[in-house]
Colleague: 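Structure below; questions to follow.
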Amino acid sequence: MAALNSIACRKPIVKSQSFPDFSPILPSTRLSHKTSSNLLKLNPKNRRNWVIQSVTEDKELAPKKNSHFHEPKKLLFPNGSKTLEASSSEVGGGHGDGGDGHDDVEKLSSRAINASIVLGFGTLAVSKLLTIDHDYWHGWTLYEVLRYVPQHNWIAYEQALKANPVIAKMAISGIVYSIGDWIAQCYEGKPLFDFDRTRMFRSGLVGFTLHGSLSHYYYQFCEALFPSDDWWVVPAKVIFDQTVWAAIWNSIYFVILGFLRFESSANIYKELKATFWPMLTAGWKLWPFAHVITYGVIPIEQRLLWVDCVELIWVTILSTYSNEKSEARITEPTMDADSNSSNNPPEE
């Protein structure tokens, strides 16, 4: 018994080892292996020594539980940020929601202003056209009013051309270029009342100040350049129009719009160089057919009105070419900044 007590009182040197990825080894696996028929043949003293030795060996193999098993795992985000950064981003998201609400209010107010402009000018134009004979309506029926409205409006337009032809043509071109840019913005995918007022004003300003006046003098110059009435005059005028005059006017329109957007001369020249040929060839798909009527049928004083009606389609093409390059150049630095910020995560 003294030997057994001495063995039991000994404290074996236990080396604590950490096995974070393994579960503790149960003593039953070793005991089941050593429990055999030979164990029954041992005397009681040797049997006690065998049990004490087995328990001691199992304690040496059992891993010590580390404290990090009970620690909560920290969230790691794709950009390497930690929990504090995640909470700060949540706070920033709260401010972003407020910013989105402010943007929605601005969009609604902008749409309300645009709708007021469109409805106001539309109502004014329709009322002017329909009330051309309001001084003579006494005793007229509704049928008589509607019957004479087109005829009397045309007479009023011809009188304006005789009184001041340049101002009348400038006004028509300004209206057409404004409506044409509005159509271009709707064609690009913007809602009906969500158009860019500044952009539409720029296009209308170019049409009013330059297209109406320059076209008035150009058609007179073209008649002086080709005074003959032979069959080849109409094709010659169409070719001259779609080479010399189209190149000049497209360049003027593009350059003036660039200056109105406060762009540098280098950017305007670069964008004009990139779009000059596509704009010129795009006009060849439309204008030769329209100008056969312009130079073959329409009188010289009425040509600009006919051309402005076709311009509703052409200004849509011109405005799209002119603004898509500028908008792409403006959005490129923003996209580059976003890509750089995503490729360079903040250091820990």
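Just so you know, these numbers come straight off a predicted model, no measurement behind them.
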Colleague: Tell me if the centroids of the rings in F226 and Y295 come within less than 6.0 Å of each other.
Modeller: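 They do not qualify: ring centres at least 6.0 Å apart.
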Colleague: Distance check, rounded to the nearest 0.5 Å: M279 atom CE versus L272 atom CG?
Modeller: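 So the CE of M279 and the CG of L272 are separated by 6.0 Å.
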Colleague: Same cluster or not: M170 versus Y217, using hydrophobic residues (I, L, V, M, F, W, Y) connected whenever any side-chain heavy atoms lie under 4.5 Å apart?
Modeller: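 Per the 4.5 Å side-chain linkage, M170 and Y217 are co-clustered.
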Colleague: Under 4.5 Å between side-chain heavy atoms, hopping through other hydrophobics if needed: is there a path connecting F195 to L205?
Modeller: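 Hydrophobic grouping puts F195 apart from L205.
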Colleague: Are the side chains of I155 and Y148 in touch, meaning some heavy atoms are under 4.5 Å apart?
Modeller: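 Heavy-atom side-chain distance check fails, nothing below 4.5 Å.
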Colleague: Looking at L280 and A246, what are the two nearest heavy atoms and their distance?
Modeller: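 Of all heavy-atom pairs spanning L280 and A246, the closest is CD1-CB, 3.8 Å.
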Colleague: I'd like to know if the side chain of W182 reaches the main chain of L192, judged simply by a donor and an acceptor atom lying under 3.5 Å from each other, with no hydrogens or angles considered.
Modeller: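 Indeed, once roles are kept as given, a pair shorter than 3.5 Å links the two residues.
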Colleague: Provide the closest heavy-atom pair for Y177 versus G204 in the form atom of the first, atom of the second, distance.
Modeller: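 The pair with the smallest heavy-atom distance is CB-CA, 4.1 Å.
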Colleague: Tell me whether Q185 contacts the main-chain N or O of D196 through its side chain, where contact means a donor paired with an acceptor under 3.5 Å.
Modeller: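 Checked: pair present.
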Colleague: Donor-acceptor check, side chain of S116 to backbone of A112, threshold 3.5 angstrom: yes or no?
Modeller: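 The answer is yes, because a donor-acceptor pair under 3.5 Å joins these two groups.
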Colleague: Under a 4.5 Å cut-off applied to non-hydrogen side-chain atoms, are L214 and I248 in contact?
Modeller: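 SC-SC contact between L214 and I248 ruled out.
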Colleague: Using the ring-ring contact (aromatic ring centres under 6.0 Å, His included) definition, which of the options Y219, F240, Y218, F221 pairs with W245?
Modeller: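 The option that passes is Y218.
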Colleague: Please give the remaining members of the hydrophobic cluster of F121, linking ILVMFWY side chains under 4.5 Å, ordered by chain and number.
Modeller: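 F121 clusters with I113, I117.
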Colleague: Does R202 pair with E263 as a salt bridge, N-O distance under 4.0 Å?
Modeller: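 A salt bridge is absent here (no side-chain N lies under 4.0 Å from a carboxylate O).
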Colleague: State, with a plain yes or no, whether a side-chain heavy atom of R199 is found less than 4.5 Å away from one of R261.
Modeller: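 R199 does not reach R261 side chain to side chain.
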Colleague: With a 4.5 Å limit on heavy-atom distance, are the side chains of E223 and K237 in contact?
Modeller: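 In contact.
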Colleague: Testing the basics here: between N153 and L129, what is the closest heavy-atom pair and its distance to 0.1 Å?
Modeller: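 In terms of heavy atoms, the two residues are closest at ND2-O, 2.9 Å.
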Colleague: With a cut-off of 6.0 Å (strictly less than), are more than 12 heavy atoms of other residues, nucleotides or ligands near OH of Y157?
Modeller: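 Enclosed.
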Colleague: Can a donor-acceptor pair be found, under 3.5 Å and without considering hydrogens, that links the side chain of S109 to the backbone of E106?
Modeller: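 A pair under 3.5 Å: yes.
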Colleague: Identify the two heavy atoms, one from M200 and one from S178, that lie closest to each other, and give their separation to 0.1 Å.
Modeller: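 Heavy atoms of M200 and S178 come nearest at CG-O, 3.3 Å.
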Colleague: Tell me, do V307 and W314 make a side-chain contact under 4.5 Å, heavy atoms counted?
Modeller: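 The answer is no, as the side chains (C-beta and beyond) never meet within the 4.5 Å cut-off.
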Colleague: For Q242 and G283, which heavy atoms make the closest approach, and how far apart are they?
Modeller: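 What the structure gives for the nearest pair is OE1-O, 3.5 Å.
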Colleague: Out of V297, I298, D308, which residue meets the side chain to side chain contact (heavy atoms under 4.5 Å, CB included) rule with R303?
Modeller: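 Among the candidates, only I298 passes.
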Colleague: Say you draw a straight line from CZ of F208 to CD1 of I167; how long is it, rounded to the nearest 0.5 Å?
Modeller: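 Going from CZ on F208 over to CD1 on I167, the span is 5.5 Å.
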